[in-house]
Amino acid sequence: MSTATTADTTGEAAGIPELVIISGMSGAGRSTAAKCLEDLGWFVVDNLPPALIPTMVDLGARSQGNVARIAVVVDVRGRRFFDNLRESLADLAAKKVKRRVIFLEASDDALVRRFESVRRPHPLQGSGRIVDGIAAERDLLRELRGDADLVIDTSSLNVHELRAKMDAQFAGEEEPELRATVMSFGYKYGLPVDADLVVDCRFLPNPHWVPELRPFTGLNEEVSGYVFNQPGAKEFLDRYTELLQLIAAGYRREGKRYVTIAVGCTGGKHRSVAMSEKLAHRLVSEGVETVVVHRDMGRE
């Protein structure tokens, strides 16, 4: 049982709205994420100074249930208020407010393309280049990113795919204790920046070097069978599942509701895909709501 649920059942959090803080890199999709929550019935406030977040929650608590869920967008335009954010989060914790921090991330290349496409400067670039503004913003938001409950990398997502991700996390009437995303990827395309845990499958023989298996992916039964017939494959899956049970229990105690597990091989086509599918099946059997994403499958 999560900390927030315990507070609700004891009555200590009765009447206090649920809170989501949306932040992240400029150009990474904060407005889209906020609009999605607004469409789901959340009361959304854009660019609210962090020092006023507890006041906003207090006003919601006095609404007699009319404002049960509040989403606040905190962005770099309010950078002078960021020093107050940690104090505000501590105040919210003392009031037993059920709050989550969502951080929108994207690669430098993706952000540069987006700013150039709309021909707008980065809010922190000043007289420098767009990349200078991005670097300054990353430094400013580094601590907040580390404290986020959910990090979403939008580098390869369009607007509809980002909305689908938000819907998957917030549209359900009953929120599970823990949600997991299992993402296969190829090391040659880079590590996923939103991964909480990274699994390396490159210790297993690569089906790429088996001519009859090369054209297929890890979704193919023959490829999956080849991978899991290799020495150590099944044992690795068993033991890593046990480790995830231990980690998941700790996440629940700490109130963390989202985890992204990145499973990698060289190209993200065979071994990582097969392992991700099996790992996701194990998590579902343990009662963890799980989404599988194959980031690099089909890129070759």
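Small disclaimer: the values here were computed from a predicted structure and weren't measured. Side chains included, hydrogens not; waters and symmetry mates left out as well; all remaining heavy atoms used.
Applying the salt bridge (Lys or Arg N to Asp or Glu O under 4.0 Å) test to every pair with at least one member in residues 113-135, sequence neighbours left out, gives these pairs: Arg129-Asp132. Sequence neighbours left out, the pairs with a member in residues 199-209 that pass side-chain hydrogen bond (donor to acceptor under 3.5 Å, both in side chains) are Asp200-Arg202.
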Legend entry - Intermediate values then yes/no, side-chain contact (heavy atoms from CB on, under 4.5 Å), Leu162 and Leu104: CA-CA 10 Å; Leu162 175 55; Leu104 280 298; 4.0 Å; yes
Inset, instruction - Verify side-chain contact (heavy atoms from CB on, under 4.5 Å) between Lys269 and Phe216, making sure each step is shown before the conclusion. - result: CA-CA 8 Å; Lys269 178 179 179 180; Phe216 302 104; over 6 Å; no
Inset, instruction - Let me see the working for Cys265 and His270 under side-chain contact (heavy atoms from CB on, under 4.5 Å), right down to the final yes or no. - result: CA-CA 8 Å; Cys265 63; His270 296 112; 5.5 Å; no
Inset, instruction - Please assess Lys165 against Cys36 for the test side-chain contact (heavy atoms from CB on, under 4.5 Å), listing each intermediate value before the final yes or no. - result: CA-CA 10 Å; Lys165 270 185 171 284; Cys36 181; over 6 Å; no
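Proximity of a side-chain donor or acceptor of Ser88 to a complementary backbone N or O of Pro50 within less than 3.5 Å is detected. Without hydrogens or angle criteria, Thr290 side chain to Val288 main chain gives a donor-acceptor distance under 3.5 Å. A donor-acceptor pair is defined here as one N or O able to donate and one able to accept, closer than 3.5 Å; such a pair exists between the side chain of Thr154 and the backbone of Ala28. Under a 3.5 Å cut-off, the side chain of Asp296 and the backbone N or O of Arg299 do not form any donor-acceptor pair.
Looking at Lys96 and Ile16, their side chains never come closer than 4.5 Å, going by heavy atoms from C-beta outward. At least one side-chain heavy atom of Lys278 sits under 4.5 Å from a side-chain heavy atom of Ser224. Between Glu286 and Leu283 there is no side-chain heavy-atom pair separated by less than 4.5 Å. By the 4.5 Å heavy-atom criterion applied to side chains, Ile152 and Leu157 are counted as neighbours. Residues Met183 and Asp194 have side chains in contact (heavy-atom distance under 4.5 Å, counting atoms from C-beta outward). Side-chain atoms of Asp108 and Val131, non-hydrogen and from C-beta on, never get closer than 4.5 Å to each other. In this structure the side chain of Leu204 reaches within 4.5 angstrom of the side chain of Met275, judged on heavy atoms. Looking at Arg282 and Leu244, their side chains never come closer than 4.5 Å, going by heavy atoms from C-beta outward.
Atom CD1 of Ile102 sits about 6.5 Å away from atom CG of Asp149, to the nearest 0.5 Å. Taking OG from Ser155 and CZ from Arg295, the interatomic distance works out to 9.0 Å, rounded to the nearest 0.5 Å. Remark: Lys95 NZ to Asp58 CG distance equals 3.5 Å, nearest 0.5 Å. Within the model, atoms CZ of Phe228 and NZ of Lys234 stand 9.0 Å from one another, a figure rounded to the nearest 0.5 Å. Rounding to the nearest 0.5 Å places CG of Leu59 at 10.0 Å from CG of Leu52. To the nearest 0.5 angstrom, Glu277 atom CD is 8.0 Å from Ser184 atom OG.
Counting heavy atoms of neighbouring residues, nucleotides and ligands inside a 6.0 Å radius, atom NZ of Lys188 exceeds 12 of them. Atom CZ of Arg239 sits in a sparse spot, with 12 or fewer heavy atoms from other residues, nucleotides or ligands closer than 6.0 Å. Remark: Gln245 CD is packed, more than 12 non-hydrogen atoms of other residues, nucleotides or ligands lying under 6.0 Å away. For Glu161, the CD atom counts as densely surrounded, since its 6.0 Å shell holds more than 12 non-hydrogen atoms of other residues, nucleotides or ligands. Few gaps surround CD on Glu212; more than 12 heavy atoms of other groups in view lie less than 6.0 Å from it.
By the rule that hydrophobic residues join a cluster once side-chain heavy atoms approach within less than 4.5 Å of another member, Val44 and Leu40 end up as members of one cluster. No chain of hydrophobic side-chain contacts below 4.5 Å, direct or via other Ile, Leu, Val, Met, Phe, Trp or Tyr residues, connects Val292 to Leu279. In the hydrophobic clustering of ILVMFWY residues, with side-chain heavy atoms under 4.5 Å counting as a link, Val263 and Val227 come out together. One hydrophobic cluster, built from ILVMFWY side chains closer than 4.5 Å, holds both Leu19 and Val45. Linking Ile, Leu, Val, Met, Phe, Trp and Tyr residues whenever their side-chain heavy atoms come within less than 4.5 Å places Val97 and Phe43 in a single cluster.
Judged by distance alone, the side chains of Thr266 and Arg271 do bring a donor and an acceptor atom under 3.5 Å apart. Remark: the Ser107 side chain and the Asp109 side chain contain no N/O donor-acceptor pair separated by less than 3.5 Å. Of the N and O atoms on the side chains of Ser26 and Glu137, at least one donor lies less than 3.5 Å from an acceptor on the other residue.
The six-membered or imidazole ring of Tyr189 lies away from that of Tyr187, with a centre-to-centre distance of 6.0 Å or more.
Across every non-hydrogen atom of Ile21 and Ile53, the tightest pair is CD1-CD1, 4.1 Å. Residues Ala106 and Asp153 share a closest heavy-atom pair of CA-OD1, 3.6 Å. For the residue pair Leu92 and Pro54, the shortest heavy atom distance occurs at CD2-CA, 4.1 Å. Residues Val259 and Leu197 approach most closely at CG2-CD1, 4.2 Å, considering heavy atoms. In terms of heavy atoms, Val223 sits closest to Gly218 at CG1-CA, 3.8 Å. Taking both residues in full, the closest heavy atoms of Leu141 and Gly24 are given as CD1-O, 3.3 Å, listed atom of the first, atom of the second, then distance.
The other members of the hydrophobic cluster of Met297, by chain and number, are Leu219, Val273 (side-chain heavy atoms under 4.5 Å, ILVMFWY only).
Classified by interplanar angle (parallel below 30°, tilted 30° to 60°, perpendicular above 60°), the ring pair Phe203/Phe236 is tilted.
One finds a salt bridge joining Arg138 and Glu105 here, because a Lys/Arg side-chain nitrogen approaches an Asp/Glu carboxylate oxygen to under 4.0 Å. A salt bridge is defined here as a Lys NZ or Arg NE, NH1 or NH2 lying under 4.0 Å from an Asp or Glu carboxylate O, and Glu38 with Lys35 meets this definition. Salt-bridge check for Arg30 with Asp46: failed, with every basic side-chain N at 4.0 Å or more from each acidic carboxylate O.
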